[in-house]
Amino acid sequence: MQLLPKLDPYALRTNVRTERRILVVDDEPEPLRAIARILRHAGYTVTTSDDAQTALRGLSRGHFDAVVSDISMPGLDGISLLRGVRGIDPEVPVILLTGVPAIETAMQALDHGAYKYMVKPVNPEQLLEVAARAVRLASLRRGDVEQMPASARLFYPTDGHATMKRALEHLRLVFQPIVRRDGSLFAYEALMRCSMPETVSPDTLIEMATNLNSLKELGRRARGLAAASFSSQQPVDTLFVNIHPTELQDDELLDPQGALLRHARQVVLEITERASVRNISNLQQRMDELRAAGYRIAIDDLGAGYSGLTSFVLLEPDIVKLDMTLVRDVHRQEVKQRLVRSVTKLCAELDITVVAEGVETCEERAVLMDLGCNLFQGYLIARPGAPDRPYFW
Ligand code: C2E
Ligand code: CA
Ligand code: CA
């Protein structure tokens, strides 16, 4: 397993302010050592374990901010470990790693609340990014203000709502084209941005809004901005709008006075299962209502470990977006090719359009075309920006 490019431990160490503890579990010594080394270099306090039983005992004795575990292990595997962890510490984020990505394991990971499902060999920068986010989430869940990075602490504890309000005032959208096989424009995806003036990433904003119970306000603001893009100087034709699962419950989506309803036929609602859609009451009825209103539905991030086959059944999507972890280096990895092919085959049978997201190279695009993807999005075509820029196939 290739895990260790050149890292600058000192640069990375500055990212970690106080002790953050991570438990790493893998039965294979080489990746176990490699992952532990990457995390230690970044300043985390790492405890390793080569089997899940011992890991669970360790977890019941000590406090951890995140768990990183391989899925395939003799005895208790990573999914069983995840279930065990949930019994001991319902809050600690668990990052699962697999050498053999499969929709079934991704689904099980989702079922038991895995934080992230990553495909091996893991890119160290990506691992550190995910670990940092997981640790931050653990701090937020525990209300651990001291442990938070400065950007997160802005929101806590007393000025949280004021800062959220400021963030909403500074919210804007950028647009990324989604193109057909021949390179012609099919639609744009709207992505939120916030600089006030310190930049807050969409993921952080959503995390903050979740913790402040402000998801509804954030969603409404973003949808208001999305609606405005239909009547701007450079009006968009079809727009993919990201919807957090809890936003599905907001009646404003179906309110004739609401921002988006009048444009519903031009809107594809992208739903990611980062928070499970299964907790949404009357989901089926709500999906029927949204469809009847003219909205099309897309499953976002398929293959990231959030969305599983259950989403196909629950959401009956018109469009499926392959997560960029499946897209990255797909021309080099046969397992990914097989997985993409099985998704595109299933989707063709169900009359679902497949978007490949995060396409960065011509090689990836060529293979994805061969594998049956219909639409393409990613830096290869254009980075998110204004909707009127030219882009090149
Ligand atoms: P997502 O919906 O999966 O969006 C795709 C992310 O990948 C975006 O990150 C986009 O800028 C980035 N991206 C696009 N092409 C490439 C590529 O070729 N390579 C790489 N490495 N990245 C690429 P961004 O804008 O930071 O958004 C992150 C996440 O935040 C989104 O992931 C989405 O889940 C959430 N988000 C963004 N805007 C909204 C919004 O308005 N509402 C909701 N509910 N969520 C949003
Ligand atoms: Ca999306
Ligand atoms: Ca996505």
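One-based numbering, in listed order, for ligands and for the atoms of each. The basis for the numbers below is simple: all heavy atoms, side chains too, and nothing from hydrogens, waters or symmetry mates. Throughout, numbering of the chain's residues begins at 1 and tracks the sequence.
- Within the 4.5 Å cutoff, the side chain of Thr344 has heavy atoms near those of the Cys373 side chain.
- Residues satisfying the salt bridge (charged side-chain N to carboxylate O under 4.0 Å, His left out) test with Glu28, not counting sequence neighbours, are none.
- Using a cutoff of 4.0 Å between basic side-chain nitrogens and carboxylate oxygens, Arg223 and Glu247 are scored as salt-bridged.
- For Glu247, the heavy-atom gap to ligand 1 drops under 4.0 angstrom.
- Of the N or O atoms in Thr272, none lie within a sub-3.5 Å distance of an N or O in ligand 1.
- Interatomic distance, Met73 CE to Asp50 CG, rounded to the nearest 0.5 Å: 9.5 Å.
- Classified by interplanar angle (parallel below 30°, tilted 30° to 60°, perpendicular above 60°), the ring pair Phe175/Tyr188 is perpendicular.
- Summarising the contacts of atom 28 (C) of ligand 1 with Asp203, Ile206, Leu191, the nearest heavy atom is found in Asp203.
- Asp65 has no carboxylate O lying under 4.0 Å from a charged side-chain N of Arg136, or vice versa, which leaves the two without a salt bridge.
- Annotation for ligand 1: atoms under 4.0 Å from non-hydrogen atoms of Glu189 are 2 (O), 4 (O).
- Phe64 carries Arg21 over the face of its six-membered ring, with the cationic atom under 6.0 Å from the centre and within 45° of the normal.
- At a heavy-atom distance under 4.0 Å, no atom of Gln377 approaches ligand 1.
- Counting the atoms of ligand 1 from 1 in the order shown, those under 4.0 Å from a heavy atom of Gln176 are 14 (C), 15 (N).
- Only protein N, O or S atoms were scored, and 4 of them lie under 3.0 Å from the Ca ion (ligand 2).
- The option with the heavy atom closest to atom 18 (O) of ligand 1, from among Tyr379, Phe240, Phe376, is Tyr379.
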Atom pairs and distances, donor-acceptor, side-chain atoms in residues 215-222, under 3.5 Å, two or more places apart:
| from | atom 1 | to | atom 2 | distance (Å) |
| --- | --- | --- | --- | --- |
| Arg220 | NE | Asp250 | OD2 | 2.8 |
| Arg220 | NH2 | Asp250 | OD1 | 2.8 |
| Arg221 | NE | Leu168 | O | 2.9 |

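- No N or O atom of Ala222 sits closer than 3.5 Å to an N or O atom of ligand 1.
- The side-chain contact (heavy atoms from CB on, under 4.5 Å) check on Ala131 picks up Ile22, Leu39, Tyr44, with sequence neighbours excluded.
- Looking at Leu380 against ligand 1, nothing comes within 4.0 Å, counting heavy atoms.
- Ligand 1 has no atom lying under 4.0 Å from any heavy atom of Arg383.
- Salt bridge Asp203/Arg133: present, at least one basic N to carboxylate O contact under 4.0 Å.
- Heavy-atom proximity to Pro384, at under 4.0 Å, picks out these atoms of ligand 1: 11 (O).
- Ion pairing of Asp323 with Arg328 is absent here, as no side-chain N (NZ or NE/NH1/NH2) approaches a carboxylate O to less than 4.0 Å.
- At least one heavy atom of Arg328 lies less than 4.0 angstrom from ligand 1.
- Ligand 1 is approached by Asp301 to a heavy-atom distance shorter than 4.0 Å.
- Around the CZ atom of Arg83, the shell of radius 6.0 Å holds no more than 12 heavy atoms that belong to other residues, nucleotides or ligands.
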